[in-house]
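So the structure is just underneath, and the comments pick up after that.
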Amino acid sequence: MKNKGLIFSYVLLFGFLVTMYGYGMGVKQAKIPALTKQSTLTDHKTVGILQYVSHPALDTIKEGVIAGLKKAGYTEGKNLTIFFQNGQADQSKLATMSQQLVDSKADVLVGIATPAAQALANTTHSMPIVLGAVTDPVSANLVKSLKEPGGNVTGVSDKAPVKAQFQLAKKLLPKAKTVGMLYSSSEDNSKYQVAEATKIADELGYTVKKYAVPSTNEISQTVQVMSQSVDFIYVPLDNTIANAMASVVAEANKSKTPIIPSVDTMVEQGGLATVGINQKELGIKTGEMVAAILNGDSKPATTPVYTFSDGDVVVNQKQAKLLGITIPETILKKAKIEGGE
Ligand code: TRP
């Protein structure tokens with residue numbers, strides 16, 4: 001008797017919970033559109049971030065994304081949940097992680113670096129995707145045009161100021177005649193930038209030699225070989241090379257071959273100098289674009305891809321000393337100095 005009563009109340013409680021749950025879902029579903037329109041920041045949101053690989057630039061960009069979201073009113077743990085995945089440069093991991101992030105029903109997805117953005121875009125054609133630092137979203141097949149992306153993807157392009165980089169190289173290395181371009185054959189972002197850099201280097205009278213590595217394993221040997229036949233090494237915004245920058249620098253320093261990379265973090269790691277886009281700011285801008293979509297204030301299809309008009313001059317003094325290069329005062333005056341002094 002006692003038992004039956006107990007079971008009966010359990011059944012009642014169960015029924016009650018099921019009803020409340022159903023009711024709650026119904027209410028939630030009905031309310032979502034209205035809440036989005038009012039762009040209430042108290043609303044809890046979810047953002048899924050897929051980063052291609054770890055290297056100082058991408059790690060800084062990721063921090064920037066979180067800072068940008070915070071600036072726009074979304075704080076992790078308060079009104080924001082972030083699902084973060086790092087693909088470790090592995091295509092099959094990127095595909096699985098993209099699927100997981102899509103399944104998580106995040107409100108917005110963020111792809112940091114071209115291969116990560118491509119993996120996300122291959123997985124969903126409907127969820128909003130914001131590009132964090134994709135060199136050329138058009139040639140990477142991520143948007144129709146920078147002005148009018150047209151689909152579910154928009155974001156920030158970090159197209160490098162290549163001309164300014166070569167003009168700087170000319171001033172620092174006036175005797176150099178041959179430039180060797182070091183990049184990964186698997187990254188669309190690098191193919192695009194190397195094509196552009198080749199045109200500019202040609203115009204400036206350089207002989208261009210290209211060294212595309214199939215994977216990380218061939219980098220040291222390639223640098224050893226190219227150091228014998230080029231006057232300096234140019235590195236585009238290439239994730240594979242950025243990830244192995246320490247061994248590139250170690251190998252190039254053996255023959256005192258200067259490296260002109262494309263970003264401040266690679267100068268910090270032992271590149272000689274560059275004109276580059278500030279990676280933290282790039283991330284912050286990305287985070288702000290994510291927030292605008294979360295607020296319901298913008299849609300990827302009609303939001304132009306953001307591009308930076310110019311970069312900062314960055315010089316590594318320690319590296320200059322090691323290579324026996326004197327940096328002209330005029331450059332030092334406007335440069336951010338890495339490597340002490
Ligand atoms: N632009 C690169 C891409 O499209 C990603 C990137 C951003 C990067 N900052 C970098 C690569 C610095 C190398 C170094 O994939």
Side-chain angles (χ1 to χ4, degrees), residues 57 114 134-136 138-140 157-245 247-267 269-277 310-311 313-316 319-320 323-325 327 331:
T114 303
V134 167
T135 303
D136 183 49
V138 176
S139 68
S157 154
D158 62 336
K159 196 163 125 38
V162 178
K163 190 154 197 181
Q165 293 173 344
F166 274 89
Q167 283 162 344
L168 178 67
K170 261 242 134 89
K171 285 190 198 139
L172 297 179
L173 312 162
K175 288 191 200 128
K177 289 192 173 62
T178 307
V179 53
M181 304 207 183
L182 177 68
Y183 63 105
S184 146
S185 53
S186 68
E187 292 185 36
D188 284 336
N189 38 299
S190 305
K191 283 182 214 155
Y192 169 85
Q193 194 179 332
V194 165
E196 195 197 358
T198 304
K199 238 173 62 195
I200 290 167
D202 270 347
E203 280 165 20
L204 291 172
Y206 289 110
T207 302
V208 177
K209 293 189 173 171
K210 291 180 200 171
Y211 298 84
V213 293
S215 76
T216 313
N217 300 337
E218 293 79 12
I219 293 178
S220 285
Q221 210 210 333
T222 306
V223 176
Q224 195 191 329
V225 170
M226 73 193 290
S227 298
Q228 306 309 314
S229 58
V230 304
D231 297 319
F232 72 97
I233 298 172
Y234 177 76
V235 183
L237 290 165
D238 185 290
N239 298 289
T240 312
I241 307 298
N243 181 246
M245 192 60 185
S247 36
V248 173
V249 172
E251 204 55 62
N253 277 351
K254 287 186 192 161
S255 54
K256 298 211 165 159
T257 308
I259 304 169
I260 301 289
S262 291
V263 75
D264 53 359
T265 47
M266 285 169 117
V267 172
Q269 289 176 285
L272 173 61
T274 194
V275 185
I277 293 163
D310 49 24
V313 180
V314 195
V315 169
N316 187 326
Q319 203 46 39
L323 299 166
I325 293 164
I327 313 260
I331 293 173

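- Taking the charged nitrogens against the carboxylate oxygens, Asp202 and Lys199 have no contact shorter than 4.0 Å, which rules out a salt bridge.
- More than 12 heavy atoms of other residues, nucleotides or ligands lie within 6.0 Å of CD in Gln167, so this atom counts as buried by the packing criterion.
- Remark: Phe232 engages Tyr206 in a ring pair (Phe, Tyr, Trp, His ring centres under 6.0 Å) (not counting sequence neighbours).
- No donor-acceptor pair closer than 3.5 Å links the side chain of Thr178 to the backbone N or O of Asp231.
- Looking at Val263 and Asp158, their side chains never come closer than 4.5 Å, going by heavy atoms from C-beta outward.
- Within a 6.0 Å radius of NZ in Lys177, other residues, nucleotides and ligands contribute 12 heavy atoms or fewer.
- Looking only at atom types and distance, the side chain of Gln165 has a donor-acceptor partner in the side chain of Tyr234 under 3.5 Å away.
- Thr240 has its side chain within reach of Thr216: a pair of non-hydrogen atoms, C-beta onward, lies under 4.5 Å apart.
- Between Glu187 and Thr135, the closest side-chain pair of non-hydrogen atoms is not below 4.5 Å.
- Side-chain N/O atoms of Glu218 and Ser215 include a donor and acceptor closer than 3.5 Å.
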Stepwise side chain to side chain donor-acceptor pair (under 3.5 Å) check, Asp136 with Gln193: CA-CA 8 Å; Asp136 183 49; Gln193 194 179 332; over 6 Å; no

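- Lys170 contributes a side-chain N or O that, together with a main-chain N or O of Leu204, makes up a donor-acceptor pair within less than 3.5 Å.
- The backbone N or O of Pro261 lies less than 3.5 Å from a partner atom in the side chain of Thr274, making a donor-acceptor pair.
- Between Asn189 and Asn239 the shortest side-chain heavy-atom distance falls below 4.5 Å.
- A pairwise comparison of heavy atoms in Ile325 and Pro258 identifies CD1-CG, 4.2 Å as the closest pair.
- With hydrogens and angles disregarded, no donor-acceptor distance shorter than 3.5 Å links the side chain of Asn316 to the backbone of Ala273.
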